[in-house]
Amino acid sequence: MTGEGPVPVVLAGANGHGRSHLRNLRRLADAGRVRLVGVCERAPLADAGLEGLGPVPVSDDLGGLIERTGARAAVIATPIHTHLPLARTALEHGAHVLLEKPPAAGAAEFEALCAAADAAGPACQIGFQSLGSAAVAAVRRMVADGAVGEVRGIGAAGTWVRTSAYYARADWAGRRRLDGRDVVDGALTNPFAHAVATALAVAGADRTPPEGVEAELFHAHPIEADDTSCVRVRTRGGPPVAVAVTLCAEQARDPFLTVHGSEGSIVLEYTRDRVVLRRGRQERVSVHPRTDLLENLLDHADGGARLLVPPRAVAGFMGVLEAVRTAPDPEPVPADAQVTEVTDEGLRRTVRGVDAAVFACAERVALFSEIGAPWAAGKGGRA
């Protein structure tokens, strides 16, 4: 692509999370790096969504769009269960692909995606943006240098708030299956997918399937999938990893993961690229740069950069997703353990005491049932 001017790019999925990709494309277009030449979308575009990007053709035929526009790269930000067919289409039409997370809705689809990427000339990058952060490598260096002694485990915590409007936005939202196809749109596998993937990357367990996964899945909202859940992952030769999350939090906070060592701890706030090393009474804070994954994909296509998140780099995450997919259906949180509130953004459901439970799981590398969460006693749909 070197010397060809702005790279022609198509975007599949311009609504919802696709709007963040439009903002990034606008930034890169202003820098002269890309040129948006088409949008693949079935739903009407959001008002002013393409402002500043010029008039472009809109079609629901991704392959035809790539052919007509000569696009060299495709950003795919569509529903989870459409990822595999659209990524295949883009690769077969000669376009490099940035594919939103999660890359697929199950292990079989993921293997098919890897095979398609291996067979194609163009490259495929998975959109785990946190894995483009230099903070991950910095934490791994600290661990390797013995900064916190022997690592006993890694715990991640996420407490966000999503109302009923979040699940009403699309027919696939909060679904485990739709029209006979896996979707797996749960808290662990979509909103907090970065927590899982980043914790596994810090543990050095990102590229290999886990030895085992224990999952406890719950929902307070009337959905199929989980909105309050935890997993503990047995990695191959690495420390155990526990991730506890909720979309029914008492207070929304930035997610984080903690490396627990015999001589201290390391906290990574992965949405902020901020690392805190604690050892005794000493604390050292550092903030690290992040590489945009679309820019990295284009640099890789030019032959000058290592692809940061190829499909096989998230095999560990997909092992967790597969465990969630095949686990028993999530258990409902009892009504007496919830608080409901009508807001301007829809019905908010809060699970009593869930924030403390999530943090306790991350601190102890434990499951909800092990830290005494009342809604998890003898339940949870363990995988």
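For the single chain, residues carry numbers from 1 onward in sequence order.
- For the atom pair CD1 (I76) and CG (L11), the distance works out to 9.5 Å, reported to the nearest 0.5 Å.
- Inter-residue side-chain proximity for T246 and W160 is flagged as unmet; no heavy-atom pair is nearer than 4.5 Å.
- Between atom CG of residue L28 and atom CG of residue D292 there is a gap of 5.5 Å, rounded to the nearest 0.5 Å.
- Under the 4.0 Å criterion applied to side-chain N and carboxylate O atoms, R232 and E370 are assigned as salt-bridge partners.
- At a threshold of 4.0 Å, the pair E295-R27 counts as salt-bridged, since one of the basic side-chain nitrogens sits closer than that to a carboxylate oxygen.
- Of the possible donor and acceptor atoms, none in the side chain of S262 sits under 3.5 Å from a partner among the backbone N and O of G149.
- In this model, a donor atom of one side chain and an acceptor atom of the other lie less than 3.5 Å apart for H17 and E100.
- In the hydrophobic clustering of this structure, V339 does not group with V342; members are Ile, Leu, Val, Met, Phe, Trp, Tyr whose side-chain heavy atoms approach within less than 4.5 Å, directly or through other members.
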Next on the checklist: With side-chain contact (heavy atoms from CB on, under 4.5 Å) as the criterion, how do I126 and L113 come out once you've worked through the C-alpha distance, each side chain's angles and the decisive distance to 0.1 Å?
Outcome noted: CA-CA 11 Å; I126 308 303; L113 174 67; 4.2 Å; yes
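- Under a 3.5 Å cut-off, the side chain of R26 and the backbone N or O of E51 do form a donor-acceptor pair.
- Looking only at distances, no side-chain donor or acceptor of E211 sits under 3.5 Å from a matching main-chain atom of R236.
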Next on the checklist: Under the criterion side-chain contact (heavy atoms from CB on, under 4.5 Å), I'd like the reasoning laid out for V10 against C40: C-alpha separation, chi angles, the key distance, then a yes or no.
Outcome noted: CA-CA 7 Å; V10 296; C40 182; over 6 Å; no
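- Between R176 and D182 there is no salt bridge, since no side-chain nitrogen of the basic residue lies less than 4.0 Å from a carboxylate oxygen of the acidic one.
- Checked by atom type, the side-chain pair D355/T159 shows no donor-acceptor distance below 3.5 Å.
- With D227 contributing its side chain and H221 its backbone, the two residues share a donor-acceptor pair below 3.5 Å.
- Applying the ring pair (Phe, Tyr, Trp, His ring centres under 6.0 Å) test to every pair with at least one member in residues 299-347, sequence neighbours left out, gives these pairs: F128-F317.
- Side-chain contact annotation: E67 with H93, donor-acceptor N/O pair under 3.5 Å present.
- Contact between H194 and S130 at its shortest, heavy atoms only, is CD2-OG, 3.2 Å.
- Two residues are said to be in side-chain contact when any heavy atoms from C-beta on lie closer than 4.5 Å; Y167 and L247 meet this criterion.
- Each of V243 and V365 belongs to its own hydrophobic cluster when Ile, Leu, Val, Met, Phe, Trp and Tyr are linked at side-chain heavy-atom distances under 4.5 angstrom.
- A salt bridge links R312 with D118: at least one charged nitrogen is closer than 4.0 Å to a carboxylate oxygen.
- Within the 4.5 Å cutoff, the side chain of H83 has no heavy atoms near those of the L86 side chain.
- We find the CD-OG1 distance between Q129 and T271 to be 12.0 Å, quoted to the nearest 0.5 Å.
- With 3.5 Å as the limit, one finds no donor-acceptor pair spanning the side chains of T258 and E363.
- Between the side chain of S369 and the backbone N or O of A376, no donor-acceptor pair lies under 3.5 Å.
- We find that R175 and D185 are not joined by a salt bridge, their nearest charged nitrogen and carboxylate oxygen being 4.0 Å or further apart.
- Within the 3.5 Å criterion, the main-chain N or O of A73 finds no donor-acceptor partner in the side chain of H96.
- Atom CD of E150 has 12 or fewer neighbouring heavy atoms from other residues, nucleotides or ligands inside a 6.0 Å radius.
- For the pair A249 and V161, the tightest heavy-atom approach, listed with the atom from each and the gap, is O-CG2, 3.6 Å.
- A distance of 8.0 Å separates CG in L217 from SG in C230, rounded to the nearest 0.5 Å.
- Of all heavy-atom pairs between P210 and V233, the closest is CB-CG1, 3.4 Å.
- Put simply, CG on L268 and CG on D273 are 8.0 Å apart, with the number rounded to the nearest 0.5 Å.
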Item to check | Verdict with reasoning, C124 to V97, per side-chain contact (heavy atoms from CB on, under 4.5 Å) | outcome: CA-CA 5 Å; C124 181; V97 171; 4.2 Å; yes
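- L178 and Y166 are assigned to two separate hydrophobic clusters, defined by single-linkage of ILVMFWY side chains at heavy-atom distances under 4.5 Å.
- Across all non-hydrogen atoms, the minimal contact from V37 to T69 is O-CG2, 3.3 Å.
- T235 contributes a side-chain N or O that, together with a main-chain N or O of P239, makes up a donor-acceptor pair within less than 3.5 Å.
- Side-chain atoms of R364 never come within 3.5 Å of backbone atoms of C361 as a donor-acceptor pair (strictly under, hydrogens ignored).
- Using a 4.0 Å cut-off between charged nitrogen and carboxylate oxygen, R181 and E109 count as a salt-bridge pair.
- For the atom pair OG1 (T189) and NZ (K101), the distance works out to 8.5 Å, reported to the nearest 0.5 Å.
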Next on the checklist: Before you tell me yes or no, could you show the steps for R348 and S164 under side-chain contact (heavy atoms from CB on, under 4.5 Å), namely the whole-Å CA-CA distance, both residues' side-chain angles and the distance that decides it to 0.1 Å?
Outcome noted: CA-CA 7 Å; R348 174 178 175 176; S164 58; over 6 Å; no
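- Here the side chains of S229 and F218 are not in contact, with every heavy-atom distance at 4.5 Å or above.
- Residues V276 and I266 are not in side-chain contact: their nearest non-hydrogen atoms beyond the backbone lie 4.5 Å or more apart.
- One hydrophobic cluster holds both L297 and V7 under the rule that ILVMFWY side chains link at heavy-atom gaps under 4.5 Å.
- The closest donor-acceptor contact from the side chain of E41 to the backbone of A14 lies under 3.5 Å.
- Checked against L25 for a side-chain contact (heavy atoms from CB on, under 4.5 Å), the options L50, D30, L294 give a single hit: L294.
- Nearest heavy-atom pair, A29 versus L53, reported as atom, atom and distance to 0.1 Å: CB-CD2, 4.2 Å.
- Checked by atom type and distance alone, the side chain of E331 never pairs as donor or acceptor with a backbone atom of H219 at under 3.5 Å.
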Item to check | Worked check of salt bridge (Lys or Arg N to Asp or Glu O under 4.0 Å) between D299 and R33 | outcome: CA-CA 11 Å; D299 289 342; R33 189 73 200 274; 2.7 Å; yes
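- Inter-residue side-chain proximity for V245 and V358 is flagged as unmet; no heavy-atom pair is nearer than 4.5 Å.
- There is a path of hydrophobic side-chain contacts, each under 4.5 Å, that joins L131 to V259.
- Residues S265 and R279 are not in side-chain contact: their nearest non-hydrogen atoms beyond the backbone lie 4.5 Å or more apart.
- Other residues, nucleotides and ligands contribute over 12 non-hydrogen atoms within 6.0 Å of the CZ atom of R169.
- Salt bridge R177/E224: absent, no basic N to carboxylate O contact under 4.0 Å.
- With hydrogens and angles left out, the side-chain atoms of Q125 and N296 include a donor and acceptor closer than 3.5 Å.
- The shortest non-hydrogen separation linking A90 to L62 is CB-CD2, 4.2 Å.
- Side chains of V275 and V285 form no contact here, defined as non-hydrogen atoms less than 4.5 Å apart.
- Geometric assessment of R272 against the ring of Y270 yields a negative cation-pi assignment under the 6.0 Å and 45° thresholds.
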